[in-house]
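Throughout, a chain's letter reflects where its sequence line sits, starting with A, and its residues are numbered from 1.
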Number of protein chains: 2
Amino acid sequence: MATIYDVSVLAGVSLATVSRVMNNNTKVSEKTRQKVLSAMDQLGYRPNTIAQSLASSRSNSVGVLVSQLDGPYYGPMMTEIETALRAGNKHVIIAADHSVESQEKDGVEFLMSRGCDALILDVEAVDDEYLINLHKGNTPIVLINRYIEEISDCCVYLDNELGGYLATKHILSQGHTDLAYVSGPLYKLDAQDRLLGHKRALKEFNVDFDKTLFYEGNFREFGGSDAMNHLFTIDKPFTAVVCASDQMASGAIAVCLEKGMKIPEELSFVGYDNIPFPQYISPKLTTVNNPIHEMGKMAAFWVLKHVYNDPKAIVENTFIPQLIVRDSATSPHK
Amino acid sequence: MATIYDVSVLAGVSLATVSRVMNNNTKVSEKTRQKVLSAMDQLGYRPNTIAQSLASSRSNSVGVLVSQLDGPYYGPMMTEIETALRAGNKHVIIAADHSVESQEKDGVEFLMSRGCDALILDVEAVDDEYLINLHKGNTPIVLINRYIEEISDCCVYLDNELGGYLATKHILSQGHTDLAYVSGPLYKLDAQDRLLGHKRALKEFNVDFDKTLFYEGNFREFGGSDAMNHLFTIDKPFTAVVCASDQMASGAIAVCLEKGMKIPEELSFVGYDNIPFPQYISPKLTTVNNPIHEMGKMAAFWVLKHVYNDPKAIVENTFIPQLIVRDSATSPHK
DNA sequence: CTGTTAGCGCGTTCAT
DNA sequence: ATGAACGCGCTAACAG
């Protein structure tokens, strides 16, 4: 690999000049600039980014920490982050914790020691205080899917309470009064907020929240299956089930279809997230849009703007969920 | 951030000694070793990996290039790669091309200039020659999902021809003789191989391949929908459709269910990949297992073994697909 | 506008 | 077993 030195010799200029044309901060005469450029070209020169980082104490890489890399949720988010950052010529270093506190902290340390210029975090196990402290450090952080008042400027999040409200309101508006609710794990903030929204809608329609028709799942497909299997054993009628994720809704619907039930005629469903797959099954899932890819992009833009001073990056912090009506919910059959 | 120098001062030893206890190559007396260790501890010292890389010309990071980050396919693969590599204390730098040749080459350059110790590539647009040349370079590469004879030792792949054969054989064994085939894009090798396997099974059962019942999709859900919409317009009977991916199978089945058809009674389906989702819909999809996460792990192990000399990493290159029988295919109704 | 020089933090010879 | 000194490839003052 050719170095900056080789280039300088071939071009007949000094080391510094070569560096200048690369970073075009300072003025360089057009003539020497061309000499350098052609020398770089001849040698097939590629700057050693490691050395650049060490000298400039800037790694041009941003760390991304998420709980998992698979699933319909993080994939699109990662895609947008990578695309946005690479367009700005930055790299993405990823790490996965598994919603385990120690691993989340580990991941942060790991990325920081790698000299990341900033961290994009989608963490749920660590507490607010830890993040507030982290925010005071030298490495800028941006939080996806989490709102902390004290550091709200670096939070990119969805109004999950509103989303929960919209989903349940849609069901109630169609005349249902006996609703089951399949929640996500309640240690997660988004699960909590969605439930809050659910309850608000209930109150608005003067429908009582029925604890026995509540099930805490894990956001995954089998969480939904488990929920239905449970709900069918207890002896309470219900005409609709509100699910806190599309994956759970899908798992739940599958159980019903297995039993030969007609959906939505016998039972209505709403999901949450608007992941691609349930658009392609029957019945097409009515759900709430979770613009996770947009949030990924915004987190990347936040970094581009605040860390790399990219003026083109405009960021939006708050996202508003929208109801997406498809075929899985209808009025209750009497 | 404390540096190696700070540690050396606090411990009352030289710079070199600190470096020695970190890399414990050379012998250090137990006494000084402890002094250094405690000094590091007190300062909360974390080595600057950038500096380590520059000095040792080893970045401890491996580049991963895939066509996309989302979808049920790459997520699990990335998860395994990240897990395996991080266990070996290596980082993952990711880049996404979009199956576009120029972007694939760009991605490779990008990762190499970042000083990656090795590259894990899941590329499909560049030709064999390019990869063979790359293989001659200084940066080791390992290919996922691609077999190139000349560099077979660094290929991790699935026998897609066999998978295609198994899927179709399963259908034929149940008595179907009129099969439609929904293929992936034929510029992709795996799509080609699956089709080859399909044809081999056909020949074995003395069934002619019917070009009019062939559709080239894009591996995605709507590719399957498009296929069915097309197949229903042409006036040819068929009792089963073999799909080259689960996503296409799902899209195809959805179209049928919309029309009120009974699956598999009126039409049988086989998929390919064994992604999670179609296990949770009705009917549960019969498919061929594609151990993509295993392949990701093996690629990581390959790097651990050949690049970082990890003796614990044992690697397997070839993977054998298996038929997974569920509910979407049955004998044809007469 | 351009060249000289001193680090960035660490690994690695050489001596001792 | 340990320390001094040099170099990895590049950026960033500081001169000129």
Nucleotide nearest [X] (side chain, heavy atoms from C-beta), chosen from [options]:
| X | options | value |
| --- | --- | --- |
| A:A16 | C:dC10, C:dT4, D:dC10 | C:dT4 |
| A:A51 | D:dG9, D:dA4, D:dT2 | D:dG9 |
| B:A55 | D:dT2, D:dG7, D:dG9 | D:dG7 |
| B:S14 | D:dA4, C:dC10, D:dT11 | D:dA4 |
| A:R20 | C:dG3, C:dG11, C:dC1 | C:dG3 |

>> If you assign B:V28 and B:S56 each to the DNA chain D nucleotide with the nearest heavy atom, which residue ends up on the more 5' nucleotide?
In response: B:V28
Given atom [atom1] of [X] and atom [atom2] of [N], what is their separation to the nearest angstrom?
| X | N | atom1 | atom2 | value |
| --- | --- | --- | --- | --- |
| A:L54 | C:dC8 | CG | C1' | 4 Å |
| B:R33 | D:dA1 | CZ | P | 12 Å |
| A:N48 | D:dC8 | CG | C1' | 8 Å |
| B:M22 | C:dT12 | CE | P | 11 Å |
| B:K35 | D:dT2 | NZ | P | 8 Å |
| A:E30 | C:dT2 | CD | P | 10 Å |
| B:I50 | D:dC10 | CD1 | P | 14 Å |
| B:Y5 | D:dA5 | OH | P | 13 Å |

Do other residues, nucleotides or ligands put more than 12 heavy atoms under 6.0 Å from the [atom1] atom of [X]?
| X | atom1 | result |
| --- | --- | --- |
| B:I132 | CD1 | yes |
| A:N89 | CG | no |
| A:Y187 | OH | yes |

>> Distance alone, cut at 3.5 Å: any donor-acceptor contact between the side chains of B:T3 and B:Y45?
In response: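 Checked: B:T3/B:Y45 side chains show no N/O donor-acceptor pair below 3.5 Å.
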>> Looking only at side-chain N and O atoms, does A:Y147 offer a donor or acceptor that is under 3.5 Å from a partner on A:N160?
In response: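 Their side chains do not contain a donor-acceptor pair, so the 3.5 Å distance test is not met.
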>> Considering every strand and a 4.0 Å limit on heavy-atom distances, what is the contact class for B:V13: base, sugar-phosphate, or nothing?
In response: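 Sugar-phosphate only.
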> How would you label the contact of B:S57 with the nucleic acid (heavy atoms, under 4.0 Å): base, sugar-phosphate, or nothing?
Replying inline: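 Result for B:S57 = nothing.
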Indicate whether OP1 or OP2 belonging to [N] is found under 4.0 Å from a side-chain N or O atom of [X].
| X | N | result |
| --- | --- | --- |
| B:S53 | D:dC8 | no |
| A:S29 | C:dC1 | no |
| A:S19 | D:dA12 | no |
| A:N23 | D:dT11 | yes |
| B:Q52 | C:dG9 | no |

>> As a test of understanding, state which of B:D122, B:D128, B:D127, B:D190 forms a salt bridge (charged side-chain N to carboxylate O under 4.0 Å, His left out) with B:R146.
In response: B:D128
